[in-house]
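One structure is given here, and the rest of the page talks about it.
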2 protein chains.
Amino acid sequence: MNIVETLSSIPLFLGLPENQLVELSRIVVDKRFKRGDIIFSEGDEGIGFYIVISGKIKIYKISPDGKEQILHILGAGEPFGEIALMGEQFYPAHAEAMDKSRIFFFPKVPFASLIKQNPSLALNMIAILFFRLHEFTVMIESLSLKDVPTRLADYLIYLSERNGGVSELKLDIPKTQLANLLGTIPETLSRIFAKMTKQGLIKTDGPNIKILDYHALKELSTAEKRLSDIGELF
Amino acid sequence: MNIVETLSSIPLFLGLPENQLVELSRIVVDKRFKRGDIIFSEGDEGIGFYIVISGKIKIYKISPDGKEQILHILGAGEPFGEIALMGEQFYPAHAEAMDKSRIFFFPKVPFASLIKQNPSLALNMIAILFFRLHEFTVMIESLSLKDVPTRLADYLIYLSERNGGVSELKLDIPKTQLANLLGTIPETLSRIFAKMTKQGLIKTDGPNIKILDYHALKELSTAEKRLSDIGELF
DNA sequence: CGTGCGCTTGACTTTTTTCAATAAAGGTGG
DNA sequence: CCACCTTTATTGAAAAAAGTCAAGCGCACG
């Protein structure tokens, strides 16, 4: 697949006329990263933005004492570092490859002028930003208003529903990373997996998780705490 | 001040040609709310978006057991409920007037077509969304990676710096609401105010807060925890 | 075949919340 | 103007949730 074809399959570039795709193909830089490579760090000058072609990228913050909070895990077709497109900006978080990844890089200046010229590109960008904003809303709600068991239940339900409601899941990230995504630490996550297993909600075997009691998990995920109804869950 | 003049002073509409402002003035609905009025609730159908003209609006989530997390507190010129502009969407949070407020409402359909026709409107919208995204990034980092004393220190420093570094602050929201904004509860916040006061960092008198030791507060806000250096702060 | 990393578990500590009671402040109607 | 009532703020004691520290296991990878 050539560059223009690849570009045309990216949601952000949907509906772009051929000539603009060609123009994009002239400014794009095709980059490869291996697991653990840092793409940019928080505070780096925003020299452009990126789109994942293959592989997996995590965007994350780190506290002074080393705790990590993952903001996003991005897969094929998803952009990141878009903040670089705004005036004089620095990246507000770190970006690291979680697997061998292929990334397209778009330098700030030529891309910014493209977006100014092409209304449908601007509208696509707006759509993506709205989506991001919504994701963050959910994350804030989750971190502030839900405890860790509930956040894990949410995540398992999400994984299940994303695959059409299957009960056999396979985590595609290490549990340590999942802890960082859910805003906790590996020890706590491990204990909650153990407790859910003991209660017959799930069964785990390494990265494979089987949901045994979908209903109870869903209750935990959505319902008001009614210990009297549910029994002492945690 | 007439409607068109008022519209022209709103950041989102900066750079719009006169005729488009006039067009906007034809679709806008001028609304008034008093303290405590609900503008929309989470899950309501997004029928349009709003801009604060005067007063103060909070956007917030509520957990099943009633705890509230404020996502934003918006003042004059700031838009909210923009998510309504995307396809079939529901408001993802609640909006409530914190004071007597005047709000402009823009119905979804006519506004969406305006944004499609006017590139500079689209670009202004992109800028606002980027800004929001950045705010949320900071909030997630704060909730996940910092404890409550640090979040309060951050907030006080922020208030101080916003006013050019003054040391005498006046909270413009009740402490209960501040607790909800910082992701905690009034009791916890109250205890931390008391502790900071006892340590000579601040002095409080109702909503008035005087920063006595800006440096120590800033340390708390930014620095790595080094108990050995700082002494037992909390 | 060892080294290291990811994962788990136990014991303990810290942070934050919960529950309950009380005090102070602010607005309203008599 | 004052009494009353509601809202907001504070404080103590206890409980719960999550994090820290430390140790140990097992599997993958060089």
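All figures in this text were calculated on a predicted structure; none of them were measured in a lab.
If you measure from atom CD1 of A:I192 to atom C1' of D:dA17, you get 9 Å, rounded to the nearest angstrom.
Minimum atom distance to the side chain of A:S190 is reached by C:dT9, of the listed C:dT9, D:dA18, D:dT20. For A:P186, the side-chain atoms get nearest to C:dT8 when compared with the rest of C:dT8, D:dG19, D:dT10.
Residues of residues 54-63 of chain B that place a heavy atom closer than 4.0 Å to DNA chain D do not occur. Listed by residue number, B:P174, B:K175, B:T176 are the residues of residues 166-176 of chain B with a heavy-atom contact under 4.0 Å to DNA chain D.
Note: B:Y155 and B:Y158 have tilted aromatic rings, judged against thresholds of 30 and 60 degrees for the angle between ring planes. A parallel orientation is assigned to the rings of A:F80 and A:Y50, their planes being inclined by less than 30° (bins at 30° and 60°).
Rounded to 10 degrees, the angle separating the terminal axes of the helix from C:dC1-D:dG30 to C:dG30-D:dC1 is 40°, with each axis obtained from five end pairs.
Checked against the 6.0 Å centroid threshold, A:H72 and A:F136 count as a close aromatic pair. Taking the six-membered ring for Trp and the full ring otherwise, the centers of B:F130 and A:F49 sit at least 6.0 Å from each other.
At least one side-chain nitrogen or oxygen of A:T188 sits closer than 4.0 Å to the OP1 or OP2 atom of D:dG19.
Using a 4.0 Å cut-off between charged nitrogen and carboxylate oxygen, B:K108 and B:E45 do not count as a salt-bridge pair.
We find the NZ-OG1 distance between B:K195 and B:T197 to be 12.0 Å, quoted to the nearest 0.5 Å.
Just one residue in the list B:L156, B:D213, B:L169, B:L212 forms a side chain to side chain contact (heavy atoms under 4.5 Å, CB included) with B:I202, and that residue is B:L156.
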Might you list the N or O atoms of the protein lying below 3.5 Å from N or O atoms in nucleotides 24-27 of chain D, with each pair's distance?
none

I'd like a list of close polar pairs between nucleotides 10-12 of chain C and the protein, N/O only, cut-off under 3.5 Å.
unit_1, atom_1, unit_2, atom_2, d
C:dG10, N7, A:R191, NH1, 3.0
C:dG10, O6, A:R191, NH2, 3.2
C:dA11, N6, A:R191, NH2, 3.3

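In terms of position along DNA chain D, the nucleotide closest to B:R35 lies nearer the 5' end than the nucleotide closest to the other residue of the pair B:S144 and B:R35.
Evaluation of the side-chain contact (heavy atoms from CB on, under 4.5 Å) rule for B:K56 yields B:I73, B:M98, B:D99, B:D172, B:I173 as partners, not counting sequence neighbours.
Here the side chains of A:K67 and B:S144 are in contact, with some heavy-atom distance below 4.5 Å.
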Original post:
Can B:D154 and B:R151 be said to form a salt bridge (Lys or Arg N to Asp or Glu O under 4.0 Å), step by step?
Top reply: CA-CA 5 Å; B:D154 282 352; B:R151 306 210 286 267; over 6 Å; no
